[in-house]
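The structure is given below, and queries will be raised subsequently.
Reminder, nothing fancy here: chain letters follow the sequence lines and each chain counts from 1.
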Amino acid sequence: MRELEKSYDPVVVEEKWYRFWLEKNYFHADAATHKVPYTIVIPPPNVTGSLHMGHALYVIQDILIRWRRMQGRNALWLPGTDHAGIATQMVVERLLAAREGKTRHQLGREEFLKRVWEWKTKSGGRIIEQLKTLGASCDWQRERFTMDEGLTRAVREAFVRLYEEGLIYRAERLINWCSRCFTALSDLEVEHQELEGHLWHIRYGELVVATTRPETMLGDAAVAVHPEDDRFSKMIGSRVKLPLVDREIPIIGDAILVDREFGTGAVKVTPAHDFNDFEVGQRHQLPLLSILDAQGKINQNAPEKYRGLSVADARKVVLAELQAQGLLVEEKPHALSVGRCQRCDTLVEPTLSVQWFVKAEPLAKPAIEAVEQGETKFVPESWQKTYMHWMNNIKDWCISRQLWWGHRIPVWYCESGHVTVARQDPAACGTCQSTELKQDEDVLDTWFSSALWPFSTLGWPDDTRDLKTFYPSNVMETGYDILFFWVARMMMMGLHFMKKVPFRTVFLHAIVVDEHGDKMSKVKGNVIDPLDVIHGATLEALTKKAEEGLSPKSALDNIKKSFPTGIPAAGTDALRFTLAAQAAQGRNIRLALGRVEGYRHFCNKIWNATRFAMMNLGEFAPDIFADRLAAGALELSLADRWILSRLQRTVQAVDEALENFRFNDAANLIYQFVWSELCDWYIEIIKPTLLSETPARLTVQGCLVHVLETACRLLHPIMPFITEEIWQALPKAEGAPDSIMITLYPSVEMRLVDEMAERQMARLQQAVTAIRSLRAEYNIAPSKKVDVTLQTPDPAALDAERDLIARLCRTENLAIVKEVVPKARTVMTISGDLQVTMDAGVVDVAAETTRIEKEIGKTHKEQEQVTARLSKESFVARAPADVVEKERMRQTELLGKISRLEESLRSLQQLR
RNA sequence: GGGCGCAUAGCUCAGCGGUGGAGCAUCGGCUUUACAAGCCGGGGGUCACAGGUUCAAAUCCUGUUGCGCCUACCA
């Protein structure tokens, strides 16, 4: 038998087994098999990103996949990465500026894209490597990238079909424009933020308007009042002179826009720079006057004085000018919300622009119905509401981006302005056959290709075998923060193109935050890198990384405060276990390093239990044991029957937990079983037998190996590495598989459930704990043997295990009786219907009296409560019979306890 | 403005209708031959607050307070 190291060292072990699994090709799922498929398509991480704690939750998918694979399913976890248009382009542009001092325009489109691809190749491998470090059992042969040839073909196919169906159109609309990224953004890519701003009242001739954005008055097209507002209604139809700009604008009545109670009751209308005003403009046929250029500067449409100014500067100048002319009536603080670019934090301006859009409503309808009909379910259920709300209020989706990195829009224009939309690059205009074609400069929103991901990765638009086998997938597992980005759009596209939902269950996990509940961010310096948890990091390494990441000083200080001694290495399994144990539904996951440490200790605990077993297996032959077990030829002790039974309970409960995505329950169940039952009791109990030469030795060896082996399989999905290492070390029967990965997941064996053994064992534990407790309370040295009398209603049951009790409690003379005879110099305690009396040598009568009196008081109080409840007629009449019965038994027990305590008190008094 | 969620031991969290739990921390005792990353024992909670429903409420309902998140066009 192999001797194990004294403590578990994850570093070597993890690397070794991951390589082994890859070599054996265990992660690969073949479409041609009779096994029932189980599919998870990874929500692809950003290809240039690096793994953060959010990604670490990919382990949840790995837990599901490993578990189902062990259950015999044809489990496919399809991995890949996302090209992340804006984010990636930004990174490469920044690099270009830093290294060569050039802009992408100086480089040209073709050369720039070459650079992005180079960068992608270099950095794309990194995040995949990091996923592997987490132990991800992805089918790497099927790895995809959103800009792969196949997926690009899927994007074109989808675009062209949607266009032909009238679901994609091009139009001039107000869109969100980021002047730094220089592109349009969809509504979802804009983050709203509350700001303390001002509300200014400005005189427009005889009217006073209220606005938070005075600079946009340069583009005003009207002033709106409420049509039923007596103050202004007669003015509707007349015109007013727009200050600062020598222009007359109409006064219009609009009941939708104007709230009579707010501000002055009159609103300036700027259709080209505000989404509401745009709607008003449509209703009243107002001209669209855009006063901002793409850089976010005031343009030619404004008076010369303002041209070229930024929005912020223009506001100052406008206000100053109004002040000078006496037109600024009032200024007061006012909260407003502004939109910022999700990627670069720049203020986003609503801007008039020609863009491509997806008509969302017709796509949303089937996506709503599918969920209503339960074809796709949400876990936790509450997210369904959010999904429905968004789907029911969906707006058209702006899909064109003024970027270079991405799928170029498959649309060509000829000199006459004809539009040709094609799957293959066309040679001539579809309308006039002109060969002078220019492709649309823009690319598609990254999320457009992501929406196709659940089927494009499986070969669509070809009707592949993979697609037939693995679509729809079983679970979509992701953070709730991208419910709309991914889940909703995948639902729409999946239903549209595949006529089937893309996944049966959407499991939305919580966001990983720091241990105080704050979102992790570089600015705050509370980011915990999963790789640092796995491999450990010194304080120097942490601060150095933060400095390189250009984190502010305050962040560095925070790092020093939070991790004064760095982060100790915990290994992947401990991190995985922590995430599983903390992944309770409906709450953010606060990653506490203390918990990680606790679970690292758990690794060591199982390790040492195995080590102990290995030291005592001798010539143990698993085949012989298995034969005898099957033949019922083994004589199992109470402890044996008990641990086997407890194992079944655990197996059953873990299975149920996993079925219901209750990973924290699964983790805790295994933890409790291994530590509190297997290690603290079973192993302690079997020690003498294991060290003996008796025939029972084979039995306990067999049980121990069986329980350890089963527990390893049970735990494998959560802690794949240590369980593989241990499993490999354990003796196995002839013909066992090469890896724990491909063994069968434990399922409950009802014949091993033994209620009687569990009850008897519970009794024994109660007795042992009571004696130990008494010993501890009276400071009896652990090595000192004591004389103990156990009083119990059923002495025979405990008497059968008297040697065991004697050993576990270090008793000299142990009497197990029905009625105890009071003796001098003894101390006692009561646990349930058990009474423990111990010879204590010298007894401090006064102290003992106080202790017992206190105990009587406490018990009396409890007893009164129970009696009060039982004496209530309504309780006895209405509560279920078993509850009443339980209370009655409790009452009897408490009364018995009191009388015994009082008796003990009396005999104590006689000692005086 | 609307919606959702959360308030339980010093900290991080389970429990969600029938005697309040876990990990970490804490206190006392242990050279017990797997593990001090350990063993044994202990202390610690009017389950945010106020009402209500119920025989019974941490658990269900209503309201209040505090804190999050999502969403929205009040200029």
Practice prompt. Quick one: label A:Cys603 by what it contacts on the DNA or RNA (base, sugar-phosphate, nothing), any heavy atom closer than 4.0 Å.
Written response: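 Touches nothing.
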Taking B:G68 as the reference, what is the distance to B:U54 when you measure between their P atoms (whole Å, please)?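 To the nearest whole Å, 37 Å.
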Next on the checklist: Taking donor-acceptor contacts at under 3.5 Å, does the side chain of A:Lys6 reach the base of B:A34?
Outcome noted: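 No pair found.
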**OP:** Hey, which sits more toward the 5' end of RNA chain B by its nearest nucleotide, A:Phe602 or A:Leu691?
**Re:**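 Closer to the 5' end of RNA chain B: A:Leu691.
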Original post:
With distance as the sole criterion, do the side chain of A:Glu684 and the base of B:A34 form a donor-acceptor contact below 3.5 Å?
Top reply: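 Pair found.
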key: Ionic contact status for A:Asp254 with A:Arg283, cut-off 4.0 Å   =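 A:Asp254 and A:Arg283: salt-bridged.
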task = Apply side-chain hydrogen bond (donor to acceptor under 3.5 Å, both in side chains) to the pair A:Gln765 and A:Thr769, showing each step before the final yes or no.
result = CA-CA 6 Å; A:Gln765 289 174 309; A:Thr769 304; over 6 Å; no
Does A:Asp220 pair with A:Lys268 as a salt bridge, N-O distance under 4.0 Å?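 Looking at A:Asp220 and A:Lys268, the cut-off is met.
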Quick one: is A:Arg662 getting a side-chain N or O under 4.0 Å of the B:G15 phosphate, OP1 or OP2?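 For A:Arg662, the contact criterion (side-chain N or O under 4.0 Å from OP1 or OP2 of B:G15) is met.
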inquiry  = Measuring only the P atom in each nucleotide, how far is B:A25 from B:A36? A whole number of Å is fine.
reply    =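 So the two P atoms sit 16 Å from each other.
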Contact class for A:Tyr599 (heavy atom, under 4.0 Å): base, sugar-phosphate, or nothing?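 Nothing: the residue A:Tyr599, judged by heavy atoms under 4.0 Å, touches no strand.
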Practice task
Using a 4.0 Å heavy-atom cut-off across all strands, classify A:Trp675 as base, sugar-phosphate, or nothing.
Solution key: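 Touches sugar-phosphate only.
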Applying a 4.0 Å non-hydrogen cut-off, can you work out what A:Lys385 is touching in the nucleic acid: base, sugar-phosphate, or nothing?
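Sugar-phosphate contact only - A:Lys385 comes under 4.0 Å of backbone atoms but never of a base.
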* Asked: For A:Ser773 and B:G42, is the shortest distance between a side-chain N/O and OP1 or OP2 below 4.0 Å?
  ->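 Yes, A:Ser773 has a side-chain N/O under 4.0 Å of OP1/OP2 on B:G42.
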